[in-house]
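Every chain is numbered from 1 and lettered A, B, ... according to where its sequence line falls, protein lines coming before strand lines.
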Number of protein chains: 2
Amino acid sequence: MEQVTNIFQNITEQECSQMMHCFQAAEKRYSAGSVISTYSRDSQKIGILREGQAILVRIHSDGRQTILEDLHQGDIFGEALTFENFDIGTMQVVCTENCRILFFDYACLIRRCQKACTFHSQLVHNSLQIMSRKAVQLSERLEILSQRSIREKLFCYFSILAARNGRETFQLPFSFSSLADYLAVDRSAMMRELKKMKEEGTVEVEKRRIVTIYPRQPF
Amino acid sequence: MEQVTNIFQNITEQECSQMMHCFQAAEKRYSAGSVISTYSRDSQKIGILREGQAILVRIHSDGRQTILEDLHQGDIFGEALTFENFDIGTMQVVCTENCRILFFDYACLIRRCQKACTFHSQLVHNSLQIMSRKAVQLSERLEILSQRSIREKLFCYFSILAARNGRETFQLPFSFSSLADYLAVDRSAMMRELKKMKEEGTVEVEKRRIVTIYPRQPF
DNA sequence: CTATTTTTGTTGCAAATGCAACAGTGTTAT
DNA sequence: ATAACACTGTTGCATTTGCAACAAAAATAG
């Protein structure tokens, strides 16, 4: 079974164009910094982030705002999907990069349309996959951030990457600066810790290539 | 619109029992510490956590394990929903409390059964709601844990609770010990910080009743 | 190729944090 | 009623961390 990253995965070109019509789909572009107003205006639409990055924010009464969710390529969003018991209009989707977004009717996703398109099951499956994979990713990062020290955070993240790669060696997916952001720690403090770990021989670092050397397990 | 916490919300009793048959549903009980083996054996089943708590863990080759997800009441899980590009059998759902779990066929959820039950849309809608609400919750905690200091973490969490309650006063949903766990900080350090904040007058604490006093916004 | 920007690597220092340990208070079980 | 247990509140101390600041290397743009 393959990994689902695209809501239209395993749906043919032909079915897609058929569906676009069926669902009254429309693609729109937004520039970095702009607010996707369709979000609050038409709660019946859901959006698929085809390209770019965005955030889902909640606006507090005092003007402060909380980031509720980070949205990346392939993510699905829409009021129909995030409704909680707070007021409509207090939430916004804001583009942090130039975005390309495909909107379509939420009702179409959850029930079959008149024409009884056969790919509906696949579409629902893909949606569920994308959302549950997101939960796993978020939980993964939560586990990392729950670690108390920088050293533990590094270890935790490294072992996830190692496991994902199936070996003790792997490539960092981003720069050390971004790594510090991802681990939510100070970059210089992280570098210092990394240096110590190298000296102690618990990791080997060469550019973005990392080799983890697990300490002997006590038992 | 109301908050969806139960996958069967807005589905009548009658439809439910009809569905149970339709979906070959079965409820099982697990005691704390036990592994839900159905998870890896029958990948076509999904589970609904009706009662209790569980975790989704990945078992590494060296015996170590990573918690991928925390599962709480109402959560949906199943291999069909969490499959990534790692081996089957390396993941387990382990009960951390006594659990009551309802299993049913995943295929039934995503496509209409022979009898064309009308509540399918509702079921799919509920599933999507539950999963997206989970993403919001996880992101919320991520934002909190991304804060650098204990003070910022407290503020961040308190303002989320305040916003949720619609006022500056609210009740902590759990003990201070649990709060420290939730914020992933040392309890005594948190108490110390809380004391400082009380002295400075930025919060009022009386048992589990918290009043946040926002500092004047600079502009 | 050169200028500019981003990333990496370092350090001193003050402040924040975790740890350990203990006492007091409240809660629950027997 | 009393014991057992969980939660709260506190403190000293060693360690870790964040911050600020700077230099060098690497990547990118013009």
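- Residue-to-nucleotide proximity on DNA chain C shows that, of K196(B) and E152(A), the 5′-proximal contact is made by K196(B).
- The separation between L179(B) atom CG and dG9(D) atom P is 12 Å, rounded to whole Å.
- Atom-to-atom, CG of D181(B) to P of dT8(D) comes out at 11 Å; the value is rounded to the nearest Å.
- For dG9(C), the base has a donor-acceptor partner in the side chain of R187(A) [N/O atoms by modelled type, under 3.5 angstrom].
- Taking the side chain of I150(A) as heavy atoms from C-beta on, and the options dT17(C), dG18(D), dT8(D), the nearest nucleotide is dG18(D).
- Here the nucleotide nearest the side chain of S177(A), chosen from dT11(C), dT7(C), dG18(D), is dT7(C).
- Comparing M190(B) and F174(A) against DNA chain C, the residue whose closest nucleotide sits nearer the 5' end is F174(A).
- Around atom CZ of R29(A), no more than 12 heavy atoms belonging to other residues, nucleotides or ligands sit under 6.0 Å away.
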For C99(A) and K28(A): C-alpha separation, side-chain torsions, deciding distance, then whether side-chain contact (heavy atoms from CB on, under 4.5 Å) applies.
CA-CA 8 Å; C99(A) 289; K28(A) 288 185 186 167; over 6 Å; no

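- Annotation for E199(B): atom CD counts as buried by contact number, over 12 foreign heavy atoms lying within 6.0 Å.
- Nearer the 5' end of DNA chain D, as judged by each residue's closest nucleotide, is the contact made by R208(B), out of R208(B) and A184(A).
- Across dC7(D), dT8(C), dG18(D), the shortest atom-to-atom separation from the side chain of R148(B) is found for dG18(D).
- Of the candidates dA26(D), dT10(D), dT16(D), the closest approach to any side-chain atom of K207(A) belongs to dA26(D).
- Minimum atom distance to the side chain of S149(B) is reached by dA16(C), of the listed dA16(C), dG9(C), dT7(C).
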Evaluation steps, side-chain contact (heavy atoms from CB on, under 4.5 Å), between R209(B) and T169(B)
CA-CA 7 Å; R209(B) 178 164 215 79; T169(B) 304; 3.4 Å; yes

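- Electrostatic pairing of K153(A) and E193(A) does not count as a salt bridge here, judged by no charged N lying under 4.0 Å from a carboxylate O.
- Within 4.0 Å (heavy atoms only), R151(B) reaches no atom of the nucleic acid at all.
- Counting only heavy atoms from C-beta on, R192(B) has its side chain closest to dG12(D) among dC19(D), dT10(D), dG12(D).
- Closest to the V185(B) side chain, of the nucleotides dT10(C), dG18(C), dT8(D), is dG18(C).
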